[in-house]
Amino acid sequence: QVRLVESGGGLVQAGGSLRLSCVLTGGYFDAMDWYRQAAGGPREYVAGTKADGSTSIGRSVKGRFTASRDNVENTMYLQMNDLKPEDTAVYYCNVGTQQREWWGQGTQVTVSS
């Protein structure tokens, strides 16, 4: 019953900020990652977290986005600052094993210029 639920997306003007959340239930995974997919585009890696608190950041958002994780609540966050129109996408939470992976339903982020 692994389930991932993203929230926090919305419409924001360029230069603004949003904070996304991803709540995991039904399993434990060392890694939880954020991806995004613009309309008609590929699914792109955004950021990742490990249970030990370490994080990684994709090159396209480095310096503007940060990821964090609350192990007690099994929740991953994505703090997005200085948003740009090119950040417009559906943002997805991802976990996986060597056998399979799971995705949330996504949360839409729209950045207006």
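Source: prediction; values computed, not measured.
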Looking at every non-hydrogen atom in both residues, tell me the closest pair between [X] and [Y] and how far apart they are.
| X | Y | result |
| --- | --- | --- |
| Val61 | Val46 | CG2-O, 3.5 Å |
| Gln105 | Val5 | OE1-CA, 3.7 Å |
| Gln108 | Thr110 | NE2-OG1, 3.3 Å |
| Ala51 | Arg69 | N-NH1, 3.4 Å |

Requested in this report: Using atom types as modelled and distance alone, determine if a side-chain donor or acceptor of Glu44 lies under 3.5 Å from a backbone N or O of Arg36.
Outcome: no
Report task. Report yes if the distance between the aromatic ring centroids of Tyr35 and Trp103 is under 6.0 Å, otherwise no. Result -> yes
Query - side chain to side chain contact (heavy atoms under 4.5 Å, CB included) assessment of Thr107 paired with Val90 - result: CA-CA 5 Å; Thr107 185; Val90 178; 6.0 Å; no
Query raised in the report: Is it true that atom CZ of Arg59 has more than 12 heavy atoms of other residues, nucleotides or ligands lying nearer than 6.0 Å?
Result: no
Less than 4.5 Å apart, side chain to side chain, heavy atoms only: is that true for [X] and [Y]?
| X | Y | answer |
| --- | --- | --- |
| Phe65 | Asn81 | no |
| Gln37 | Tyr91 | no |
| Gln79 | Ser68 | no |

Would you mind writing out the side-chain donor-acceptor pairs for residues 18-29 within the sub-3.5 Å range, not counting sequence neighbours?
none

Query - Tyr92 six-ring face occupied by Arg43 cation (under 6.0 Å, within 45°) - result: yes
Requested in this report: Test Asn94 against Glu101 for side chain to side chain contact (heavy atoms under 4.5 Å, CB included), laying out the working first.
Outcome: CA-CA 7 Å; Asn94 168 259; Glu101 60 185 359; 3.5 Å; yes
Requested in this report: Test Val2 against Val95 for side chain to side chain contact (heavy atoms under 4.5 Å, CB included), laying out the working first.
Outcome: CA-CA 9 Å; Val2 173; Val95 298; 4.2 Å; yes
**Report entry** Lys/Arg N to Asp/Glu carboxylate O, Arg64 vs Asp82, below 4.0 Å
**Finding:** no
Query raised in the report: Which is it for Ser17 and Met80 under the side chain to side chain contact (heavy atoms under 4.5 Å, CB included) test, yes or no, and what are the steps along the way?
Result: CA-CA 5 Å; Ser17 298; Met80 305 186 295; over 6 Å; no
